[in-house]
Amino acid sequence: MKNISRRSFNTKLSKGIAGTAVLSSVGLSYGFSSGKEKKKLGIALVGLGSYSSGQLAPGLQDAENCYLAGIVTGTPAKEKEWMDKYNIPKKNVYNYENFDSIAKNKDIDIVYVVLPNSMHAEYCIRAAKAGKHVICEKPMAVSVEECDAIIDACNEAGVKLSVGYRMQSDPYTNEIKRMVKEKPFGSVRYVSSDAGYISRGNPDQWRLNHALSGGGALMNMGVYSIQSNIYGTGQNPISVSAQEFSSKPEYFKDTDETITAQMEFPEGVVGNLFTSHNANANRLFVSFEKGWAELNPCHSYGPLSGRTSDGKEIKYPHQSQQKVQMDDFAKHIMLGTTNYAPGEMGKRDMIIVEAIYKSIKEGGKKIPLDLGDMGIVRQ
Ligand code: NAD
């Protein structure tokens, strides 16, 4: 942990009465009682691939409530490069073998697991056992069973858990949530969400290897469509039916190429999902009784863009989604503010992923879902 300016933290705090209300009870353990200094939580990134190097580490340079304190890497050449670039002391550098000794390192408050999907459970559980709060990248794991194991480990260790769902902290997403809740155009009747890109790279990459990814387009991009179908309706689906399409089986040997799914929500609301590793798609359309809202692009790193049926633009100043996401989680830990992407949200999405794969296996059969309010975060 290290100090941050009082001013930047107060700016954040002033935005939420809830945050202020819990300050006296939760803040004490993080040194908020002195009135003189505030703290930044130290994050260690596990896995220094493209997302850590391209988005998370740069986002952390501007973060207000957390900072890049350490790294965990299996590639010795990256150690010096990252230490020099981000001023990380040698004592905060770990590899996969000595990772568990991070338990003794007081600089590290949060471990952020940014590895291939099949490795999330092992490293999240080891981080929890080391007494560190955990951020687990999406998709949370490769099965519901693994999601449960991560949640249980965090509960047993008494640490906080969040999924790397950056969109849940994004202002465009939150504007859609506001419209769904406050109903300026009436109630939602239909939602459609697309998330995909054309994968042309190395056919042996881990995303196309089922043992490492747990699945193809659905596991990688489809979770965004599941997420936006849910925040676009404010409810969990009660059933799902799905279809798979394949046009390049020689390239997508091991994982799904394109999937469409239809979701049924309470009160006759219908959702449509498209995800692909062989088509570019990045859109959310929400149809209300008396109008519509659209985000396009919707799931990328931004700037995003949105509009509504009354001709208005949805527009916010661009900032790093990853910075906002990690700052929100640090604030949740320090002040007890809302956890916008709790473990139950990641588990719920994996239940839906498993139902989609089951439906495809059973020829598009409608699979009932009994999720209640699991993973729905009311703001
Ligand atoms: P990447 O391939 O660029 O990096 C993976 C990292 O894991 C590398 O540092 C690699 O060395 C390491 N690794 C360790 N064991 C490995 C193994 N057996 N095979 C392959 N790599 C291994 O991947 P990435 O794009 O950084 O994705 C990492 C995680 O982050 C994934 O879970 C992905 O879904 C997630 N992600 C999330 C977002 C987001 O917007 N939230 C964006 C990109 C990636």
Side-chain angles (χ1 to χ4, degrees), residues 1 30 39-73 86 92 94 99 102-103 105 107-142 146-147 149-155 157-170 223-224 227 301 320-350 375 377:
M1 247 190 283
Y30 279 93
K39 304 290 182 188
K40 267 189 172 190
L41 299 187
I43 294 191
L45 297 175
V46 186
L48 308 179
S50 58
Y51 194 54
S52 282
S53 53
Q55 306 300 326
L56 296 174
L60 279 165
Q61 303 316 299
D62 298 326
E64 290 160 52
N65 309 332
C66 48
Y67 73 105
L68 180 56
I71 49 172
V72 184
T73 176
Y86 293 112
N92 293 357
Y94 295 86
F99 168 60
I102 206 167
N105 192 328
D107 290 353
I108 312 296
D109 302 286
I110 300 169
V111 165
Y112 194 153
V113 177
V114 203
L115 291 164
N117 309 338
S118 68
M119 299 172 76
H120 291 180
E122 178 191 339
Y123 283 87
C124 288
I125 292 167
R126 283 169 71 177
K129 285 188 173 157
K132 304 301 178 186
H133 302 292
V134 177
I135 309 178
C136 174
E137 249 321 314
K138 51 60 51 182
M140 187 170 166
V142 295
E146 283 191 354
C147 295
I150 297 172
I151 292 169
D152 289 350
C154 290
N155 286 340
V159 298
K160 307 280 191 189
L161 168 64
S162 175
V163 181
Y165 282 142
R166 58 191 160 76
M167 303 314 306
Q168 292 290 345
S169 288
D170 182 86
V223 289
Y224 289 105
Q227 285 259 303
Y301 304 145
S320 158
Q321 295 166 342
Q322 292 78 12
K323 165 204 148 7
V324 180
Q325 169 213 329
M326 291 185 279
D327 268 345
D328 277 348
F329 185 55
K331 218 162 63 147
H332 165 66
I333 293 167
M334 291 193 280
L335 297 173
T337 50
T338 303
N339 182 355
Y340 295 112
E344 288 69 24
M345 185 184 272
K347 173 186 166 178
R348 177 213 48 208
D349 295 350
M350 197 51 52
V377 176

Could you go through the side chain to side chain contact (heavy atoms under 4.5 Å, CB included) check for N105 and N92 one step at a time? CA-CA 8 Å; N105 192 328; N92 293 357; 2.7 Å; yes

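- A heavy-atom distance below 4.5 Å is not found between the side chains of V163 and M345.
- In this structure a side-chain-to-backbone donor-acceptor pair under 3.5 Å is present from D109 to G42.
- Rounding to the nearest 0.5 Å gives a distance of 8.5 Å between CG of L45 and CD1 of I71.
- Across all their heavy atoms, A57 and L68 have their closest contact at CB-CD2, 4.1 Å.
- Of the possible polar contacts, none joining the S162 side chain to the F329 backbone as a donor-acceptor pair under 3.5 Å is found.
- Across Y340 and S169, no two heavy atoms sit closer than the pair CD1-OG, 4.0 Å.
- A side-chain donor-acceptor contact under 3.5 Å links R166 and Y224.
- At a threshold of 4.5 Å between non-hydrogen side-chain atoms, the residues M334 and L41 count as touching.
- Side chain of N65 to main chain of D327: a donor-acceptor pair is present (N/O by atom type, distance under 3.5 Å, no hydrogens or angles).
- Taking every heavy atom of both residues into account, S52 and L48 meet most closely at CB-CA, 3.8 Å.
- With salt bridges taken as basic N to acidic carboxylate O contacts below 4.0 Å, one links E64 and K323.
- L161 is listed as a side-chain neighbour of I150, based on a closest heavy-atom distance under 4.5 Å.
- V114 has its side chain out of reach of V46: every pair of non-hydrogen atoms, C-beta onward, lies at least 4.5 Å apart.
- Looking only at side-chain heavy atoms (C-beta outward), M326 and I135 come within less than 4.5 Å of each other.
- Between atom SG of residue C147 and atom CE of residue M140 there is a gap of 4.5 Å, rounded to the nearest 0.5 Å.
- Pairing each heavy atom of C124 with each of V113, the nearest pair is SG-CG2, 3.8 Å.
- Neither side chain, Q321 nor Q55, offers a donor N or O lying under 3.5 Å from an acceptor on the other.
- V134 and A127 get closest at one heavy-atom pair: CG2-CB, 3.9 Å.
- Judged purely by distance below 3.5 Å, without hydrogens or angles, the side chains of Y51 and Q322 pair a donor atom with an acceptor atom.
- Screening residues 112-122 for side-chain hydrogen bond (donor to acceptor under 3.5 Å, both in side chains) gives Y112-E137, Y112-Q325, E122-R126 as the qualifying pairs, with residues at least two apart or on separate chains.
- Side chain of K132 to main chain of I108: a donor-acceptor pair is present (N/O by atom type, distance under 3.5 Å, no hydrogens or angles).
- Of all heavy-atom pairs spanning S53 and P58, the tightest one is O-CD, 3.3 Å.
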For K347 and I151, what are the C-alpha separation, side-chain angles and deciding distance, and is it a side chain to side chain contact (heavy atoms under 4.5 Å, CB included)? CA-CA 9 Å; K347 173 186 166 178; I151 292 169; 4.0 Å; yes

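- Taking SG of C154 as the reference point, atom NE2 of H133 lies at 10.0 Å (rounded to 0.5 Å).
- In this pair, F99 and Y123 present their aromatic rings tilted. The plane angle is within the 30 to 60° band.
- Residues M350 and E146 have side chains not in contact (no heavy-atom distance under 4.5 Å, counting atoms from C-beta outward).
- Atom-to-atom distance recorded for K138:NZ and D349:CG is 11.5 Å, nearest 0.5 angstrom.
- A donor-acceptor pair under 3.5 Å is absent between the side-chain atoms of T73 and the main chain of G47, judged by distance alone.
- For the pair I43 and L60, the minimum side-chain heavy-atom distance is below 4.5 Å.
- Between N339 and V377 there is no side-chain heavy-atom pair separated by less than 4.5 Å.
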